[in-house]
Amino acid sequence: MSNIPSKYNPNQTEDKWYQFWEENNFFHAEVDEKKKPYCIVIPPPNITGILHMGHALNSTIQDILIRFHRMQGYATLWMPGTDHAGIATQNVVEKEIQQEGRRRHDLGREKFLDRTWQWRQKYGSTIIAQLKKLGCSCDWPRTRFTMDEQYSIAVAEVFIQLAQKDLIYKANYIINWCPRCQTALSDEESAHKEVKGNLYYIRYPVVERTSKEADNQLNYVVVATTRPETMLGDTAVAVNPKDKRYKKLIGKSIILPLVNEEIPIIADSAVDPKFGTGIIKVTPAHDPNDFEIAQRHGLFAKVIMNADATMNQNAPLDYQQMDRFEAREAVLGDLEERGLLEKTVPHQHSVGHCYRCHTMVEPYLSEQWFVDMPKLGNPASEVVKDGKINFHPARWRKVYLNWMKGLRGWCISRQIWWGHRIPAWYCLNCKKVYDLTRKNKKVLPSEKIDLAEAGIMVSLENPKFCPKCGGTEIRQDEDVLDTWFSSWLWPFATFGWPGLGKKEQAELNYFYPTQVLVTAQEIIFFWVARMIMAGMHFMKEVPFRDVYIHGTVRDITGTKMSKSLGNIIDPLDIINQYGCDALRFSIISLVATGQDVFLSKDKFESGRNFANKIWNAARFIMINLDEKKVNVDLCVFAKGITELKDKWILSRFYRTLDSVTKSLDNFRFNDAARTIYEFFWHEFCDWYIELSKKDISKAATQVVLYKVLEKTLRILHPVMPFITEELWQNLPHQGESIMQSSWPHLQKDFIDKKTEDQMQAIISCITALRNIRAVWQIDPAKKVEVKICLTRKSLQDLLNSHAGYIKDLAKIETLEIGQKLKRPKSCAVAVMADTEIFVPLAGIIDVKKEAKRLKEKIHNLENILQNSQRKLRNKQFLRKAPKEIVAQEKEKSKQLKESIQKLKDNLKGFK
RNA sequence: GGGCGGUUGGCGCAGUUGGUUAGCGCGUCACGUUGACAUCGUGAAGGUCACAGGUUCGACUCCUGUACCGCCCACCA
């Protein structure tokens with residue numbers, strides 16, 4: 001035992017214990033009807049992900065909850081897994097292929113998917129290995145992947161069920177298109193950013209029917225646009241119907257410059273007369289607003305771009321194949337040349353960007369699949385309104401409900417290959433006919449497609465023939481589903497839903513609904529809201545009871561940590577340098593509920609220092625421990641605990657336990673961490689261990705040292721799993737692992753206010769004496785005599801019986817305690833209401849200086865006294881304030897007076 | 001345009017239903033190595049709690065407004 005190193009070395013212990021836990025299956029949970037279930041599903045990290053501080057925070061919080069509840073006797077399951085991350089993974093593999101000088105279409109779908117699976121095989125579990133370094137106690141054998149066979153069936157099943165209820169539909173609609181990824185995106189995947197651009201004022205010549213009109217000088221209208229290239233797809237010009245300036249124009253038409261087509265001038269209330277010229281160009285295929293106007297007016301939509309945002313054959317020949325930005329310059333140049341560009345004004349506006357590759361999103365009219373969000377949203381709003389699901393902090397509830405109010409169709413089809421292929425099949429014959437008739441009928445662009453009519457079949461299996469025409473030329477939809485279309489099933493699909501064997505069903509019944517979902521704010525809309533929708537629709541029950549939203553991890557300047565900015569602090573570096581427990585403790589103490597965390601490397605020192613402190617306190621105890629003495633039941637042994645210090649530390653421990661338990665129950669992780677820190681360091685180490693050194697061999701001291709340490713390690717275990725295990729294993733213990741031990745039971749009998757007050761009085765005396773020693777710079781070796789003069793007998797008795805504490809910790813040679821002691825000459829003085837402390841310091845003390853010190857103290861106390869007395873003179877206060885408060889104030893005033901009087905008396909002695 | 005969060009000693013932060021002489025960590029200063037720990041110990045200095053009103057016997061805490069910083073949402077042509 002005595003060869004324990006004085007420095008804690010985390011690297012040697014962490015991997016050892018993690019392996020031990022995993023090998024012994026301690027993370028495993030199963031149905032146990034004797035226990036209550038407690039389940040958290042991990043927010044599945046992307047397989048492309050590498051560990052960052054966000055994961056560290058997110059995972060630490062979950063692991064604390066999991067270990068805490070496991071120790072409390074719940075059947076505790078932390079369900080792990082990863083997300084296939086459609087676009088992100090596809091991009092990574094495409095890049096890899098690109099380096100070989102090829103593109104994905106060169107490989108073809110099948111080979112590309114093979115490559116992606118290979119990639120996943122090789123790198124896809126990196127993040128899992130990294131989560132293990134964080135100490136996460138997930139039930140790893142259950143690890144799910146959103147593209148597992150079983151899971152994929154769930155995804156297809158959900159698609160089919162929703163399609164059958166018309167909750168999924170296909171439509172020609174304007175969506176967010178990423179020209180680089182060449183796929184549709186949902187609204188959430190298009191991140192709005194402020195962009196500096198220009199507002200271009202363009203003249204559109206009005207068609208004049210009569211010669212009279214032709215004489216008019218003002219034979220054009222001016223539209224303002226930020227995106228002049230889209231004018232090639234204009235199908236109307238619009239003004240506000242109430243705008244008197246342009247009333248005459250309504251019903252006329254203009255000649256679209258560069259295109260030379262005649263298009264109408266219409267009236268629509270969506271036009272803001274105050275913006276620009278009050279006249280807008282209408283480009284239904286490339287602007288969401290214009291698309292809606294087109295719907296209202298039955299306008300045609302002209303798509304003028306290819307999938308890569310180059311101009312297509314619908315644009316005039318000169319512009320075809322030009323990129324959209326190139327086309328913008330060309331259009332502007334041509335307009336300028338024709339005298340049609342009136343002016344250019346700088347203009348800042350917000351533009352959508354692809355959340356995966358940051359390319360500017362193009363609003364793009366195309367045929368896509370949608371989920372009817374407004375319908376699914378209702379029950380999902382209700383359960384939050386009802387309090388069946390609670391957000392922590394509560395303010396997110398409002399954010400959530402507000403978002404739910406504005407739901408629109410969720411575009412779920414993606415034109416990529418990596419993902420769940422849409423379980424829809426097309427009868428080529430019927431679809432062709434359907435499209436043709438629609439074209440001829442001039443069907444409005446947004447109208448939903450009638451699946452049966454169009455020969456579109458939704459099913460798990462490839463249909464043999466078309467039920468409508470009997471045709472056998474059938475092709476599956478080329479697209480895959482949005483990644484979030486699989487993640488939203490996570491809380492139940494991970495259990496094997498839609499259900500195979502009895503075991504899976506029993507597990508789902510037992511663990512669903514799960515307890516808490518822990519995530520960051522930016523995921524609320526993407527994922528949390530959708531999980532609630534899916535849970536309510538398919539399980540008829542909420543997916544979780546509580547949603548804990550933690551802050552975002554930022555660097556010390558407040559910038560979000562990101563790889564591209566190079567401001568990342570790698571959790572693995574921190575673990576190597578300081579240890580995992582230090583990382584966990586530091587990060588958890590820094591995060592007040594829901595507040596963002598500003599990190600710098602040195603902030604992890606506090607965790608490391610604390611770990612080292614724990615290590616050394618335990619080391620001291622282990623060196624001195626007589627194992628035979630401590631194997632007792634604390635409650636049975638309680639009668640043998642009579643000493644103040646022992647009763648005091650037990651009282652303090654149980655208060656700490658109570659507070660920590662409550663904090664963890666209320667998701668106040670930083671409070672829990674700080675409370676333990678405060679207790680362990682500044683009560684147990686600073687006072688109890690110091691006092692115990694004198695009677696280290698006494699049975700009571702031995703028992704208390706051991707019990708308090710062992711129990712503190714247990715309540716610390718959820719936050720610092722490794723060091724607590726290492727030390728616990730080296731102490732006498734029952735059971736195989738601290739993680740399987742029980743959360744200490746709150747023994748209220750040990751909590752005693754009187755004991756704490758008494759100890760506090762002694763601590764105050766010691767602190768006052770240390771203060772005097774420091775002020776007068778008394779050599780530590782110097783032997784000091786002290787007189788303590790009390791006004792109360794009870795206090796005198798207390799100090800008398802604990803003179804040893806004072807002597808030891810304040811380093812006092814002789815101590816005289818009495819009620820009416822004479823003040824020595826040339827002494828330093830400390831005063832507390834009913835206590836005077838005299839330290840004779842002839843030859844050391846400077847009388848003037850000491851007098852000055854006392855005066856300052858008097859001055860301070862008098863200020864406080866004045867405030868207190870002002871209150872007590874206030875009749876309103878006396879009448880309205882609660883009795884206890886008034887009594888408290890009177891007592892305070894009395895004590896202050898006593899102190900001041902004593903100080904003044906002493907001051908006289910200096911004159 | 002709407003919503004939310006923040007503003008507490010040099011720095012980073014706590015402060016849960018209004019009543020504390022406003023706390024903690026780092027840093028600073030002074031002293032200290034008698035064997036748990038210098039990743040340590042002891043003591044000290046340092047704040048009119050962003051600003052202005054209001055409610056109240058009493059406001060860091062509740063209400064209103066202002067300023068600055070940050071975030072989110074919105075179909076800003």
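A, B, ... follow the sequence lines: proteins, then strands. Residue 1 opens every chain.
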Sugar-phosphate, base or nothing in reach of E884(A), heavy atoms under 4.0 Å: nothing

Between C1' of rG27(B) and CG of N609(A), the distance in whole Å: 14 Å

I'd like a table of atom pairs between the protein and nucleotides 18-21 of chain B - only N or O on both sides, under 3.5 Å - with the distance next to each one.
| from | atom 1 | to | atom 2 | distance (Å) |
| --- | --- | --- | --- | --- |
| rU21(B) | OP1 | K892(A) | NZ | 3.0 |
| rU21(B) | OP2 | K892(A) | NZ | 2.8 |

Distances for protein N or O near nucleotides 3-6 of chain B N or O, under 3.5 Å:
| from | atom 1 | to | atom 2 | distance (Å) |
| --- | --- | --- | --- | --- |
| rC4(B) | OP1 | K398(A) | NZ | 3.1 |
| rG5(B) | O2' | Q595(A) | NE2 | 2.9 |

Atom pair distance, as rounded to whole Å: NZ in K811(A) and C1' in rG32(B): 8 Å

Return a table of donor-acceptor pairs under 3.5 angstrom between the side chains of residues 519-526 of chain A and protein atoms on other chains or two or more places apart.
none

C1' atoms of rU55(B) and rU61(B), separation to the nearest Å: 14 Å

Reference residue R227(A); test side chain to side chain donor-acceptor pair (under 3.5 Å); the match among H349(A), H286(A), E362(A): E362(A)

Sugar-phosphate, base or nothing in reach of F525(A), heavy atoms under 4.0 Å: sugar-phosphate

base_contact_polar (rA14(B) base, E678(A) side chain, donor-acceptor, <3.5 Å): no

Whole-Å gap separating C1' (rC72(B)) and CD1 (I524(A)): 10 Å

Nearest to side-chain heavy atoms of S350(A), which nucleotide of rC37(B), rA44(B), rC76(B): rC76(B)

Touch class at under 4.0 angstrom, heavy-atom based, for R773(A) against every strand present: nothing

Nearest listed nucleotide, side chain of I689(A), among rA36(B), rG41(B), rG43(B): rA36(B)

Interatomic distance at C1', rA67(B) relative to rG25(B), whole Å: 30 Å

Strand RNA chain B as a dot-bracket string - pairs counted if Watson-Crick or G-U with both distances under 3.5 Å, | where the partner lies in another strand: (((((((..((((.....[...)))).(((((.......))))).....(((((..]....))))))))))))....

Sugar-phosphate, base or nothing in reach of T283(A), heavy atoms under 4.0 Å: nothing

Trace of the salt bridge (Lys or Arg N to Asp or Glu O under 4.0 Å) decision for E856(A) with R853(A): CA-CA 5 Å; E856(A) 277 168 10; R853(A) 215 169 63 91; over 6 Å; no

Ring pair (Phe, Tyr, Trp, His ring centres under 6.0 Å) partners for H392(A), two or more places apart: F667(A)

For atom CD of Q521(A) and atom C1' of rC72(B), their distance in whole Å: 8 Å

Sugar-phosphate only, base, or nothing, as touched by H682(A) at under 4.0 Å among non-hydrogen atoms: sugar-phosphate

Touch class at under 4.0 angstrom, heavy-atom based, for V271(A) against every strand present: base

Sugar-phosphate only, base, or nothing, as touched by E194(A) at under 4.0 Å among non-hydrogen atoms: base

Qualifying salt bridge (charged side-chain N to carboxylate O under 4.0 Å, His left out) pairs, either residue in residues 270-290 of chain A, two or more places apart: D234(A)-K281(A)

Closest to side chain of R770(A), choosing from rA77(B), rU42(B), rC37(B): rU42(B)

Length of the line joining L625(A):CG and rA36(B):C1', which is rounded to integer Å: 13 Å

C1' gap between rC4(B) and rA77(B), integer Å: 29 Å

Rounded distance (Å) that lies between atom P of rU7(B) and atom CZ of F598(A): 11 Å

Spacing of W776(A) atom CH2 relative to rU42(B) atom P, expressed in whole Å: 23 Å

Interatomic distance, K613(A) NZ vs rG25(B) P [rounded to whole Å]: 12 Å

Closest nucleotide among rA36(B), rG25(B), rA77(B) to the T225(A) side chain: rA77(B)

Residue-phosphate contact under 4.0 Å: H349(A) side-chain N/O, rA77(B) OP1/OP2: yes

